[in-house]
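Here is the structure we will look at, set down as structure tokens.
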Protein chains: 2
Amino acid sequence: MKPLTSRQQEILEFIRQFLEQEGFPPTLAEITRAMGLKSPHGVREQLQALARKGAIELIPSASRGIRLLNKVAERDALPLIGKVAAGRPVMTEAHIEKYCRLGPELFQNKADYLLRVQGMSMRDAGILDGDLLVVRQTTEARNGQIVVARMQDEVTVKTLRVEEAMAYLEPANPDFPIIVVDLAKQDLAIEGVVVGVIRTRIG
Amino acid sequence: MKPLTSRQQEILEFIRQFLEQEGFPPTLAEITRAMGLKSPHGVREQLQALARKGAIELIPSASRGIRLLNKVAERDALPLIGKVAAGRPVMTEAHIEKYCRLGPELFQNKADYLLRVQGMSMRDAGILDGDLLVVRQTTEARNGQIVVARMQDEVTVKTLRVEEAMAYLEPANPDFPIIVVDLAKQDLAIEGVVVGVIRTRIG
DNA sequence: AAATACACTGTATTTATGATCAGTCTATGA
DNA sequence: TCATAGACTGATCATAAATACAGTGTATTT
């Protein structure tokens, strides 16, 4: 598929949202209004461009005759990361075990991937061995958030606390030690923030 | 919701299929043709009846302005039960808050619905207040399984243990008491077995 | 026996909507 | 500097589609 211009992406996103919200696609006039335009013809040309590029299908003469291609189902599938090889970023093609469909209506925050938990270091936060963490991929995190962090070879999930040049990765289990990172001496890469937990096995 | 006439169900089913197939709702004329009728006005009245009965919503003056309510037909979607009214079975139309798409590839066991947890009585099992339980609807449960149980007016989630004529509903939190049920004197209805947990909010 | 709901036909009217034509303005690459 | 594509305005047109009104006939309920 040919690349979309930013305007075309904007319009495509509006159609997607309208469809989700209303249950049917918008009319040309509705898109025109939403984009702050004054004539529906500009929109029409954009839609024809989107159709040429394979993003949508236009049904001639039909009101609201816009059909989204590129199945939505694929958009809603999250990659499941099983085991992370030492020294490599978490979200890597090679780590993907399978894809899981998860409707976005469940989580407030956008989710990017699932990560299987190893060990009981976050037990008291209700995160158990084998649980799947729902992770938003980001390098920014606030104090108190549960993060996926990487230090050289090791990937760990802990509560983040940063004070001046020191970072503390705190477990939620008294049997485990707090990991102290001197940011001046050691690298600490934030790979993502935990936005949800899924447990698929009980007992 | 008032019962639908067979004609109304037929029309509703057509709208559902059309929507699935085409990506947008049909016009009155399209329904008219599909039903083998000759005037759109008959269809219009049926749609208004469907709207009165709460099966659809009609958006005035909008082309294809039909919105399906009760979207039971959503594939791979599980109903989310928020609050359970006293003295009523858990899995009831009235309790459904919304539908959540969850691919079946996540859980080994078949899941029937999601139930929002209230309280911390299962904290040590990694089930926290506000979590969503993935529940398989069944009346049979084994010792040690976490079950959704109902005793008259109250619905509770606990670990089940049955010994002879006594049932014990054990919390996973020392602050809560074990509920003892004498099966000879009291009713205990098993509504389902917990097969998974989903946490959508962290911290 | 009358009232009411269901399930329509048939014609007409209005408005919503897609389609078309004639242009403008701005980049960007040949 | 010419050509070309993107991103529009503005007016007009044709028709798709919802709405309205006046009826018909058959069940069900009261």
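Chain identifiers are assigned alphabetically (A, B, ...) following the order of the sequence lines, protein sequences preceding nucleic acid strands; residue numbering begins at 1 within each chain.
- Annotation: ring pair (Phe, Tyr, Trp, His ring centres under 6.0 Å) contacts of B:Phe18 (sequence neighbours excluded): B:Phe14.
- Following rounding to the nearest Å, A:Gln46 (CD) and C:dG18 (P) show an atom-to-atom distance of 16 Å.
- C:dA19 atom P lies 10 Å from atom CD1 of A:Ile59, rounded to whole Å.
- Considering only the side chain of B:Ser61, C:dA16 comes nearest among C:dT20, C:dA16, C:dA7.
- Residues satisfying the side-chain hydrogen bond (donor to acceptor under 3.5 Å, both in side chains) test with B:Thr200, not counting sequence neighbours, are none.
- Not one N or O on the side chain of B:Arg150 forms a donor-acceptor pair closer than 3.5 Å with the backbone of B:Glu191.
- Salt bridge status for A:Arg16 with A:Glu13: present, with a side-chain N to carboxylate O gap under 4.0 Å.
- Closest-nucleotide positions on DNA chain C for A:Ser63 and B:Ser6 were compared, and the one nearer the 5' end corresponds to B:Ser6.
- For B:Tyr168, there are no ring pair (Phe, Tyr, Trp, His ring centres under 6.0 Å) partners at least two apart in sequence or on another chain.
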Please encode protein proximity along nucleotides 22-30 of chain C as a string of B, S and -, counting only heavy-atom distances under 4.0 Å. B--------
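- Rounded to 10 degrees, the angle separating the terminal helix axes of the helix from C:dA1-D:dT30 to C:dA30-D:dT1, each built from five base pairs, is 30°.
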Under the side chain to side chain contact (heavy atoms under 4.5 Å, CB included) rule, what do B:Leu169 and B:Leu160 come out as? Steps first, then yes or no, please. CA-CA 5 Å; B:Leu169 295 173; B:Leu160 177 72; 3.9 Å; yes
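- Note on A:Arg64: only backbone sugar-phosphate atoms sit closer than 4.0 angstrom, heavy atoms only; bases stay farther off.
- Counting any heavy atom pair closer than 4.0 Å across all strands shown, B:Ala62 reaches sugar-phosphate atoms only and no base atom.
- Here the range on DNA chain D touched by chain A, meaning any atom under 4.0 Å from one of its heavy atoms, is D:dA7 to D:dA17.
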With a cut-off of 3.5 Å and sequence neighbours excluded, list every side-chain donor-acceptor pair involving residues 42-49 of chain A.
none

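- A donor-acceptor contact shorter than 3.5 Å is absent between the side chain of B:Arg116 and the backbone of B:Leu80.
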Intermediate values then yes/no, side chain to side chain contact (heavy atoms under 4.5 Å, CB included), A:Met151 and A:Asp187: CA-CA 6 Å; A:Met151 301 141 63; A:Asp187 273 350; over 6 Å; no
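- Side-chain N/O atoms of B:Arg44 include none lying less than 4.0 angstrom from OP1 or OP2 on C:dC8.
- Contacts of A:Phe176 classified as ring pair (Phe, Tyr, Trp, His ring centres under 6.0 Å), with partners at least two apart in sequence or in another chain: none.
- Residues from residues 21-39 of chain A lying near DNA chain D, meaning a heavy-atom separation below 4.0 Å, are A:Leu37, A:Lys38, A:Ser39 in numerical order.
- Legend: residues meeting side-chain hydrogen bond (donor to acceptor under 3.5 Å, both in side chains) with A:Ser121, ordered by chain and number and at least two apart, are A:Lys158.
- At a threshold of 4.0 angstrom between heavy atoms, the contacts of B:Glu10 with the nucleic acid are absent.
- For the side chain to side chain contact (heavy atoms under 4.5 Å, CB included) test, residues two or more places apart in sequence or in another chain that qualify with B:Ile202 are A:Ile146, A:Val194, A:Val197, B:Arg199.
- For residues 134-149 of chain A, there are no side-chain hydrogen bond (donor to acceptor under 3.5 Å, both in side chains) pairs, not counting sequence neighbours.
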